[in-house]
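Working notes for the structure below.
Every number for a ligand or one of its atoms is a count from 1 in the order of the listing.
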Amino acid sequence: MGKERSAAASGEKHNKMLVGVVCNFAAELKLLLTALLILCSLATLLQFIPSRFTISASDLRFCISRIAAAGPTTPPTLPSPPSLFHNYTQKETDEVLPSGIIRRAFNPYGAAAYNFITMGSYRGGLNTFAIVGLASKPLHLYSRPTYQCQWLPFSSNKENDTNITSSLSYKILPDWGYGRVYTVVVVNCTFPQPINLDNSGGTLLLHSSTSGGGDSKFNLTDTIPALTEPTGTFNLSLFTSKPKYDYLYCGSSLYGTLSPLRVREWIAYHVRLFGERSHFVFHDAGGVHEEVLEVLKPWMELGYVTLQDIREQERFDGYYHNQFMVVNDCLHRYKFMAKWIFFFDVDEYIYVPPKSTIRSVLDSLSDYSQFTIEQMPMSSKLCHSVDAAKRHRWLFINFGECGGNSRKVNK
Ligand SMILES: *[C@@H]1O[C@H](CO)[C@@H](O)[C@H](O)[C@H]1NC(C)=O
Ligand SMILES: *[C@@H]1O[C@H](CO)[C@@H](O)[C@H](O)[C@H]1NC(C)=O
Ligand SMILES: *[C@@H]1O[C@H](CO)[C@@H](O)[C@H](O)[C@H]1NC(C)=O
Ligand SMILES: *[C@@H]1O[C@H](CO)[C@@H](O)[C@H](O)[C@H]1NC(C)=O
Ligand SMILES: *[C@@H]1O[C@H](CO)[C@@H](O)[C@H](O)[C@H]1NC(C)=O
Ligand SMILES: *[C@@H]1O[C@H](CO)[C@@H](O)[C@H](O)[C@H]1NC(C)=O
């Protein structure tokens, strides 16, 4: 998926990533292709995907559900949408001026897109931060919004680092071309010197300017408190200590009627594959209904799963439940906690050929900071016939995105 490649692209030389790509095109396959990503029963995808490998049915056994019946799947409980009615009383009327001129009134209704919506702000080192969010897409299409960061320390130790403005603030638009009312923005704020080393605390401000129309009166600036580090909370060991996990999974937005049975199969399979030093972060955009939660709960209690409720972002009309924002947030949020971060979906299964293990594959790639995984569609015939009727329920990925350009935003 273009989105996931982009998530990685926004990232880090320091961090190593394995990137699952659904819409993988031959040209993109230059990196070592040692692992296979199996798409279970996506017969519809066959036409898109070059198949280089043949694997026997027995290799694909794991796809076949061994779980007997799980109760009927209930529809997800979606958050109640914001009211679609906004009622107004007219504010201004036309006016006849003493000069006889008729002054016409203009009354705005509704709301345009917000200038910036923050999801998360994270440190990327001593002097660098990433701010992940959404911004008005028309603004980015027709104007050149600019971003600047400023660090305001709590302490009045004015001598040194009071009121530092970042030298480098650049934005990455990982879903460029895909966004709708909103597009995803990752602002990188890098300062000329370390920030908050004395641990006295402070606030990172983001100045988000619309830079509209070449006419300065439309250049509005919103100043946003992006991140506060309370006094004494900055811990350098975050960057230097051994990561807590070997493998961390960042899932994209889950929505639609997910099958609890499939989710149970997916998580059991991947916990077994990735082992004890692994962790899975799911993002619930309405897909984690009660029965799916039942399935995830034991894994949460065992410390394997973190569930993030991101239903609130449904208010902001972006691309596929704002999945680009979500995976970028996950990347910056967890990058110091894992050696490798994986991006793929819950209808995809990582497959490592016999005689290799996930560890041996990744050890062979230790000189790389990221790589993609070749994908294979899996025949629907291999799946349990009992589930056939339900198949559509867990195929929540829209294949429309496969046809588009997959962009690389590598720097
Ligand atoms: C606005 O008007 C609609 C339709 O008359 C009504 O149902 C709704 O409750 C009103 N909303 C508010 C906030 O007054
Ligand atoms: C911001 O960009 C710089 C230069 O590319 C990079 O070294 C730094 O890690 C980035 N910061 C974050 C938080 O991603
Ligand atoms: C200011 O910075 C200089 C050099 O970085 C350092 O020697 C000095 O102690 C700092 N002063 C204060 C008050 O932190
Ligand atoms: C921070 O510095 C800028 C210019 O460098 C100045 O315009 C601004 O007023 C300062 N803000 C505070 C809160 O000191
Ligand atoms: C808009 O304002 C910001 C902040 O003052 C400034 O950095 C930017 O250059 C301005 N843009 C234009 C087009 O004047
Ligand atoms: C920083 O974090 C490490 C482990 O994450 C911990 O052992 C240490 O005590 C922390 N230091 C401070 C000053 O909180």
Find all atoms of ligand 6 within a distance of less than 4.0 Å from any non-hydrogen atom belonging to S237, and give their numbers and elements.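 Answer for ligand 6: 1 (C), 2 (O), 3 (C), 4 (C), 5 (O).
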Protein heavy atoms near atom 7 (O) of ligand 6, is at least one of them under 4.0 angstrom away?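 No, no protein heavy atom sits under 4.0 Å from atom 7 (O) of ligand 6.
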Does the protein put a heavy atom under 4.0 Å from atom 13 (C) of ligand 6?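 False for atom 13 (C) of ligand 6.
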Answer yes or no: is there a side-chain heavy-atom contact under 4.5 Å between F324 and Y319?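 Yes; the side chains approach each other to less than 4.5 Å.
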Out of curiosity, is H332 lining ligand 2, as in a heavy atom under 4.0 Å away?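 Checking ligand 2 against H332, which is what was asked, there is a heavy-atom contact under 4.0 Å.
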Is N188 close to ligand 2, meaning an N/O of one under 3.5 Å from an N/O of the other?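 Checking ligand 2 against N188, an N or O pair does fall under 3.5 Å apart.
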If you measure every N/O of T128 against every N/O of ligand 2, is any gap under 3.5 Å?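 Min N/O separation from ligand 2 is below 3.5 Å for T128.
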Taking atom 10 (C) of ligand 6 as the reference point, the nearest protein heavy atom with its distance: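 Here the closest protein heavy atom is N235 ND2, 2.5 Å.
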Sub-4.0 Å atoms of ligand 2 with respect to non-hydrogen atoms of [X]:
X	answer
T190	1 (C)
G124	13 (C)
A130	13 (C)

Quick one: which of T146, T221, N219, T210 has a heavy atom closest to atom 1 (C) of ligand 5?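 Checking each option, the heavy atom nearest atom 1 (C) of ligand 5 is found in N219.
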Looking only at side chains, do H279 and T306 share a donor and an acceptor under 3.5 Å apart?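 Short answer, yes.
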Cationic N near anionic O, under 4.0 Å, [X] to [Y]:
X	Y	result
R104	E95	no
D347	R262	no
E314	R311	no

What verdict does the side-chain hydrogen bond (donor to acceptor under 3.5 Å, both in side chains) test give for Y122 and R333, after you've listed the backbone C-alpha separation in whole Å, the side-chain angles of each residue and the deciding distance to 0.1 Å? CA-CA 6 Å; Y122 306 100; R333 191 179 183 90; 2.9 Å; yes
Under 4.0 Å from any heavy atom of S211, which atoms of ligand 5 are there?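 Contacts of ligand 5 toward S211, numbered from 1: 1 (C), 10 (C), 11 (N), 13 (C).
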Enumerate the atoms of ligand 5 whose separation from the nearest heavy atom of S209 is less than 4.0 angstrom.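 The atoms of ligand 5 under 4.0 Å from a heavy atom of S209 are 2 (O), 3 (C), 4 (C).
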Report yes or no: is the cationic atom of R123 (NZ for Lys, CZ for Arg) closer than 6.0 Å to the six-membered ring centre of F234, at no more than 45° off its axis?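 Here R123 passes the 6.0 Å and 45° test against F234.
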Using only atom types and a distance under 3.5 Å, with no angle test, would you say the side chain of N196 pairs donor to acceptor with the backbone of G201?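 Such a contact is found between N196 side chain and G201 backbone.
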Between F274 and Y247, does the ring centroid distance fall short of 6.0 Å?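 Ring centres of Y247 and F274 closer than 6.0 Å.
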